[in-house]
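Computed from a predicted model, the values in this text were never measured in an experiment.
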Amino acid sequence: MGSAALGALLVFAAVISPASCQGRPGAVLTQEPDWTPLFTGEQVTLRCEVQGGGDSVWSYRWYRGREQVFPSVSTAHDQNTFSLGPVAQSHSGQYSCQGVRRSDSALSSTSSSITLTVTGTPLKPVLTCDRHQIFTGDSVTLRCELRGDTSTDWRYYWYRDGTVVHQSDHSDTIRAALTDSGQYRCRAGRGTPVVFTQDSDTVQLQVSGRPGAVLTQEPDWTPLFTGEQVTLRCEVQGGGDSVWSYRWYRGREQVFPSVSTAHDQNTFSLGPVAQSHSGQYSCQGVRRSDSALSSTSSSITLTVTALPRAVLRVDPHWSRFYTGEKVSLSCEIYRESTGWKYLWYKDTTDTAVSQTAGHTLTITAAAESDRGQYWCRGQREERGLQSQLSDSVSLTVSEPPTPVLSLEPPWTQVFLLETISLSCEIDGETTGWKYLWYKDTTDTAVSQTAGHRVTGHTLTITAAAESDRGQYWCRGQRGVQSQLSEPVILNITALPKVTLTVSPSSTQHFTRQTVTLRCEVQGGSAGWTVKYWTGRGQVSGCPSRGSRTAGVVCSTSYASESDSGVYWCESTAGQRSYSVTLTVSGGPVILQIPLQPVTEGDSLTLRCLVRLYDYYRRYITYQSTGVFYKDGEKVQPQRDGQMTIDRVSQTDQGSYRCEHSYWGVSPESRVSVRELLSRVTLTASPGAELEEGESLNLTCQAEVTRHPPPALSFVLLRDNSTVSPSTGPVQNTSLGPPSTRPVQMSAVRRSSSGSELYSLLVRRADRSFSGTYRCVVSSHSGVSRESALLHVRVAASKLPLSAYISVVLLVLVLAVLIAGLLYHRTRGLPCAAGKQRDSAEQDQVTLRGRTHSPEALQLSTLNTQAVPLGGEAVYCNVSQKEKVKKNAEVRPEGDILYAEVSLPASTGAAQRESSTEVCYSALNLRTPAAGPWEPPAPSSLYSQVKPKKKKAPPSDQSAASL
């Protein structure tokens, strides 16, 4: 039987192909996702892969335990995946799979089993927080953990106060802000749809502002000086009841404690300090409960220096003071004066003479007792230290000085239009002083004008005039006034008879150039020589280097820069010429400029000259293009290296130079422009206020600086209207509206020394001549100047007061005479006794009064009947006759004469007593033919007539004594 079985087996092996004898392929089961456990509701997929099956096509069977669960019968499913979901707890078990080859239903091996555990209760995560009370800016980490679950597919959801904040993994780190405070919880979820775990318990997170550290310094001195003590104190503000430790930093380096720990004390003491302790210090608090940090404090800078030395200064910084001046001593300590008191020493450092809270010691009015040596030092009483002593300062106090007034150049005789400077020096110093200048009187200081320029300690008269002649003084002022200087007498004289000429005719010259100066003298040159002044207080003759003199000629063939200066001609008698300022330059560029000054209206040409070496080392001078500057500012570009001003004016004055683009800049020279018309004045003679009928003479005078003077045009204007031109005399021309009387007017021009005059004479002025007059003088070169305004007033003619009085008195006399005649006619009484007689022959009238003006008068009898003169008044008319004696003086017309008239007693029955009779007469004086003065209008004379008593019988004749 055994043999039969073996034979059958061999027959079966022979029948089977070689391929069918290979090993069985194996099935491999995987889970997606591979979570364990699974929660009810989740999805899970089982995948079966047949490995080693070649290119065969497989179907699959799925088992839970030993029971086939899919397909439900003993067949196979074409898909290699088996999905479960949503799972329930009933799906728990061990799952496996097996492959069935479709071609021949051959089976693979069964896969290893996978255990699926489905639970109905979700996990509850645990939420933890490393800190619950944190400060803004701190980092806090929240952790959400599913303990016992190793799955990594969970997604964690974070909630604050019930609202989802965000999703992340199982931990979340927050940079805390105040808005991060609240109740936090978390949960996990996975799958699609998402299956969540339970919510974690809540965690309270409280975020508060970070407490600030405040650093203070005790004492708060700055700077600190070596050897002193200082304590730094750190206070944490806003930290509640927390207990803090402290860290101390200098810069960014922790200096205490020396390691990254904290010190329990909030103070940090340094001392005695050294300069190495200098730096910026700060502190920080560390909360002991959780090592939370406060904010870092603001830094405090500790500056440690050596004990300072006081620096003593004097203000003002003058080398000498004078009695009455204010002096301030300033003591400065290391740029910082706060907290110091100052000790002051004089002549000795043993004992302080004064102590001040401020750093200044002020002497309000210095006295000679204040002179001496001064020191100072600072003192900090609260710190118990003193600074080092300052260096000494010497204070010199004396009586106010006397200035020294000098002339530059040192001339006392100055010509018209010349420039002269007066220099005022006080003890060799010129700074700090304000200078006052006086002329001819020390009552009022001279003010600066156009022709008088004050610069520092110098008064410069740019164009001397005759009005500049006189005595000059100066004094300085700087809190107190100096003494008055000794006077300097300036004598301004007319144009000299000698002229200094320069060849080449320029104020600038090159070095090594031949320059010739010549004195041209009218009437002989004997005794004249060339002098020059270098500005260093020395007057010399012709420069000796390379020069030769021959009488009035000074020629140097080797000019040098030291030859620059002021040159003039001078005689043995002390006379001199105008001065010329020369500049000798060693550079390659000079400015050729005419001799100064120039006159208004003239043409002025400036040239830029360049001097170079040629191939043979010889000098070549040529005119080159250049840029011209006036007072440092560029002038309009000029052609051909020259600048021409057709008509020079005062605005052209200034310092000029020229600049070559390659060879450089010339020295500066000043262009001085003197006025052609130094002054124009308009005067009225005999005065600007007159009456109608009087003469008026208007004179316009122009002071001319050029000789001979140029042709000038005079125009006289009244109220801005032309009155009369300057050409020729004008006859019978009216200045105003037509007059009933012809106006005689004539114009005359004439010259005097340095002046041109134009005179307009009006013979009989009327009121139309009133107005505002001015005179305008012009030259053909366009120079014009006008006078100041002159106000002329012509008033209506007035009668003298005596004329008005005479008229009134005449009216009164006539009234009295008429009243007397009426009275006597009413009573039948005649005016005079006796027969009618010719007054020229029978009545003798004698004037009494002033003996210098006797007059012969004619008595006219008003009645031919003789009347007794007793108690009655006799009124007589007395008229003036021609002089009866030779050489008799005539009484001035207008005087009132009071005369006493004595009449002899008359005969007849009607004779009356004449003791009380009075005769009033009216005297009419005629205008005399001549007299010692002009008489006023005639007036009436009143006289008192008294009858005389006679022993003899009265005669027919009456004698009147006036």
Could you go step by step and tell me if E332 and L312 meet the side chain to side chain contact (heavy atoms under 4.5 Å, CB included) rule? CA-CA 7 Å; E332 297 181 2; L312 180 59; over 6 Å; no
Would you sort out whether Y249 and Q284 count as a side-chain hydrogen bond (donor to acceptor under 3.5 Å, both in side chains), showing the intermediate values? CA-CA 8 Å; Y249 302 89; Q284 186 179 38; 3.2 Å; yes
Evaluation steps, side chain to side chain contact (heavy atoms under 4.5 Å, CB included), between Q386 and L307: CA-CA 8 Å; Q386 289 183 340; L307 201 61; over 6 Å; no
Verdict with reasoning, Y345 to V353, per side chain to side chain contact (heavy atoms under 4.5 Å, CB included): CA-CA 5 Å; Y345 303 85; V353 296; 5.7 Å; no
Given salt bridge (Lys or Arg N to Asp or Glu O under 4.0 Å), test K124 with D201 step by step and report yes or no. CA-CA 9 Å; K124 182 176 183 179; D201 293 333; 3.0 Å; yes
I'd like to know whether S299 forms a side-chain hydrogen bond (donor to acceptor under 3.5 Å, both in side chains) with S282, so could you lay out the CA-CA distance, the side-chain angles of the two residues, the decisive distance to 0.1 Å, and finally the verdict. CA-CA 5 Å; S299 61; S282 59; over 6 Å; no
Before you tell me yes or no, could you show the steps for S139 and T173 under side-chain hydrogen bond (donor to acceptor under 3.5 Å, both in side chains), namely the whole-Å CA-CA distance, both residues' side-chain angles and the distance that decides it to 0.1 Å? CA-CA 7 Å; S139 294; T173 300; over 6 Å; no
Please lay out, stage by stage, how D220 and V230 fare under the test side chain to side chain contact (heavy atoms under 4.5 Å, CB included). CA-CA 8 Å; D220 57 351; V230 66; over 6 Å; no
Give the intermediate values and the outcome of salt bridge (Lys or Arg N to Asp or Glu O under 4.0 Å) for residues E659 and K634. CA-CA 10 Å; E659 181 176 343; K634 184 184 296 185; over 6 Å; no
Show your reasoning for whether side-chain hydrogen bond (donor to acceptor under 3.5 Å, both in side chains) applies to Q183 and T202. CA-CA 6 Å; Q183 298 252 355; T202 59; 3.2 Å; yes
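Summarising the geometry, atom NE2 belonging to H170 is positioned 5.5 Å from atom CZ belonging to R143; distances are rounded to the nearest 0.5 Å. Here CD of Q373 is found 4.5 Å from OG of S392. Values are rounded to the nearest 0.5 Å. Residue L46 holds its CG atom at 5.0 Å from CG of L29, rounded to the nearest 0.5 Å. Within the model, atoms CD1 of I333 and CZ of R309 stand 11.5 Å from one another, a figure rounded to the nearest 0.5 Å. Note that CG of L361 and SG of C376 are 9.5 Å apart. Values are rounded to the nearest 0.5 Å. The structure places OG of S330 at 4.0 Å from NE2 of H359, a figure rounded to the nearest 0.5 Å.
Side-chain contact check for T216 and R233: no donor-acceptor pair (N or O, by modelled atom type) lies under 3.5 Å. Side chains of S59 and R102: a donor-acceptor N/O pair is present below 3.5 angstrom, by distance only. Donor-acceptor pairing under 3.5 Å is lacking for the side chains of R377 and S390. Side-chain contact of T303 with S278: a donor-acceptor pair under 3.5 Å is absent, judged by distance alone. For S108 and W58, the side-chain atoms include no donor-acceptor pair closer than 3.5 Å. One side chain, T348 or D350, offers a donor N or O that lies under 3.5 Å from an acceptor on the other. Using modelled atom types and a 3.5 Å distance limit, the side chains of T36 and T117 yield no donor-acceptor pair.
The aromatic rings of Y157 and F196 stand perpendicular to each other, their planes meeting at an angle above 60°, with 30° marking the opposite boundary. By the 30° and 60° cut-offs, the orientation of the rings of F268 relative to Y281 is tilted.
Side chain of Q31 to backbone of P33: a donor-acceptor contact under 3.5 angstrom is found. Of the possible polar contacts, none joining the R247 side chain to the Q254 backbone as a donor-acceptor pair under 3.5 Å is found. When atom types are taken as modelled, the side chain of R175 and the backbone of G137 share a donor-acceptor pair closer than 3.5 angstrom. In this structure a side-chain-to-backbone donor-acceptor pair under 3.5 Å is missing from R210 to S295.
Side-chain contact check for R313 versus L329: every heavy-atom pair is 4.5 Å or farther apart. A 4.5 Å side-chain heavy-atom check between Q355 and Q379 finds at least one atom pair inside the cut-off. No side-chain heavy atom of L116 sits less than 4.5 Å from a side-chain heavy atom of H91. For the pair R190/T197, no side-chain contact is recorded, criterion being any heavy-atom separation below 4.5 Å from C-beta on. When side chains are defined from C-beta on, R187 does not count as touching W158, because their heavy atoms never get closer than 4.5 Å. Residues T362 and V327 form no side-chain contact, since every pair of their non-hydrogen atoms from C-beta on lies 4.5 Å or further apart. Considering only heavy atoms from C-beta on, W340 comes within 4.5 Å of S387 through its side chain. The shortest side-chain heavy-atom distance between F225 and V304 does not fall under the 4.5 Å cut-off.
A pairwise comparison of heavy atoms in L224 and R383 identifies CA-NH2, 3.8 Å as the closest pair. Nearest heavy-atom pair, S328 versus T360, reported as atom, atom and distance to 0.1 Å: CB-CG2, 4.1 Å. Minimum interatomic distance between S151 and D153 (heavy atoms only, all atoms of both residues): OG-N, 3.2 Å. For A27 against C97, the heavy-atom pair with the smallest separation is CB-O, 3.8 Å. Between Q198 and P125, the shortest heavy-atom contact is O-CD, 2.8 Å. When all heavy atoms are compared, the tightest approach of A306 to T226 is CA-OG1, 4.2 Å.
Within 6.0 Å of atom NE2 in H317, 12 or fewer heavy atoms from other residues, nucleotides or ligands are found, so the atom counts as exposed in its surroundings. Taking a 6.0 Å sphere around NZ of K326, one finds it holds 12 or fewer heavy atoms contributed by other residues, nucleotides or ligands.
Under the 4.0 Å criterion applied to side-chain N and carboxylate O atoms, R185 and D199 are assigned as salt-bridge partners. Remark: R380 engages E382 in a salt bridge, criterion side-chain N to carboxylate O under 4.0 Å.
Between W375 and Y342, the distance from one ring center to the other does not fall under 6.0 angstrom.
Among L205, D180, V207, the one residue that satisfies the side-chain contact (heavy atoms from CB on, under 4.5 Å) test with V140 is L205.
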